Amino acid sequence: MDNSLVLLTALLPLAAGLVVVQTNPYRALVVRGILGSVAALVYALLGAADVALTEALVGTLLAVILYAVAVRSSLVVRLGVLAVDLDRRAGDLQTLMTALRRVLGQQYVQVEWVTYGETTELAQALADQKVHAICTCPEPTLIHTTTQVHRLYEILQREWPTPMTVVYQPVAIQGGH
Amino acid sequence: MLTGVLWGMIGVFLIPLYQTTRRGDIWETMLALSSVATKSSLIMVLVSVMRDDWMMGLVGVITLSVGNAGFMLLAHLLRRMAQTGR
């Protein structure tokens, strides 16, 4: 009985180490749930039934939900685009989106569209930092992507595939995200 | 005899933990989470029978029945992410 207790207790730092080495934030969330289960088991076996119950309910349920909300809302790049362009240049913009998802997916960042009706609204949204980047199609073949987030600009400049016809215009560097 | 069962359960407990160290689909890690949650509760119940400790058994049963709500929420979130496309 004692040996098995020692072995089960040794699983707790092992599970904690597994959380630390995860690079994907979503995977780290799942492994955090595993850590909560192992911790509840160890607490119960060591005689602290109340602590184990709290860990099972808070550690695996509440912490995972809160972290899920935080990760979901922070690791997203919002890409503003005109509804007209989305209709007219659907194929090109879809290619752009696929390339963006591939490049930013390496940093575990999601990309999603935000559509606007007017050009002025789009520019205002970028200035107000409601979106991280905007796509405009002033010419028939070219798509301009403008971003104010310098880190995003750096990543795209470094990783972007050369055949893509995209131009970046970092408007201003207004703090990090 | 119950001690043998406990050692067997600890051995089985290591399998999903090993699975989390491998780089695979995130759903495999979710499976490992579900597996670990159920197995830890069952080990609690078994040890409570061995020690004749009702309080620990109660914790095991509550963990077993309530602990999957967070799992379902996480699965829902991951499914929504897969739909928006990575």
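Source: prediction; values computed, not measured.
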Quick check on [X] against chain A: is it the side chain, the backbone, both or neither that has a heavy atom closer than 4.5 Å?
X	result
B/L14	side chain
B/L74	side chain
B/L78	side chain
B/I26	both

Checklist entry - Can you check whether B/G24's main-chain N or O pairs, donor with acceptor, with A/R27's side chain at less than 3.5 Å? => result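 Answer holds: yes.
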For a quick test of reading the model, state the closest non-hydrogen atom pair linking [X] to [Y] and the distance between them.
X	Y	answer
B/L17	A/L18	O-CD1, 3.9 Å
A/S37	B/V36	CB-CG1, 3.8 Å
A/L41	B/S40	CD1-O, 3.3 Å
B/L6	A/S4	CD2-OG, 3.4 Å

Checking heavy atoms, do the side chain of [X], its backbone, both or neither come under 4.5 Å from chain B?
X	value
A/L62	neither
A/L53	both
A/V42	neither

Is it possible for you to say whether [X] and [Y] belong to one hydrophobic cluster, with membership spreading through side-chain heavy-atom contacts below 4.5 Å?
X	Y	answer
B/F13	B/M50	yes
B/L42	A/I34	yes
A/L79	A/V76	no
B/I10	B/V5	yes
A/L14	A/V19	yes

Item to check | Whether over 12 other heavy atoms sit under 6.0 Å from B/W27 CH2 | outcome: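 Yes - once you tally the heavy atoms of other residues, nucleotides and ligands closer than 6.0 Å, there are more than 12.
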Item to check | Within 6.0 angstrom of A/E118 CD, more than 12 heavy atoms from elsewhere | outcome: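 12 or below, so no.
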Checklist entry - Does the side chain of A/L7 come within less than 4.5 Å of B/W7's, by heavy atoms? => result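 Yes, their side chains come closer than 4.5 Å.
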Next on the checklist: Side chains of A/L45 and B/M56, heavy atoms from C-beta outward: is any pair under 4.5 Å?
Outcome noted: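 A side-chain contact under 4.5 Å exists here.
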Item to check | A/Y26 vs B/T29, side chain to side chain contact (heavy atoms under 4.5 Å, CB included): CA-CA, chis, key distance, verdict | outcome: CA-CA 10 Å; A/Y26 294 99; B/T29 320; over 6 Å; no
Next on the checklist: Evaluate B/V59 against A/Y43 for side chain to side chain contact (heavy atoms under 4.5 Å, CB included), listing each step before the verdict.
Outcome noted: CA-CA 10 Å; B/V59 171; A/Y43 296 156; over 6 Å; no
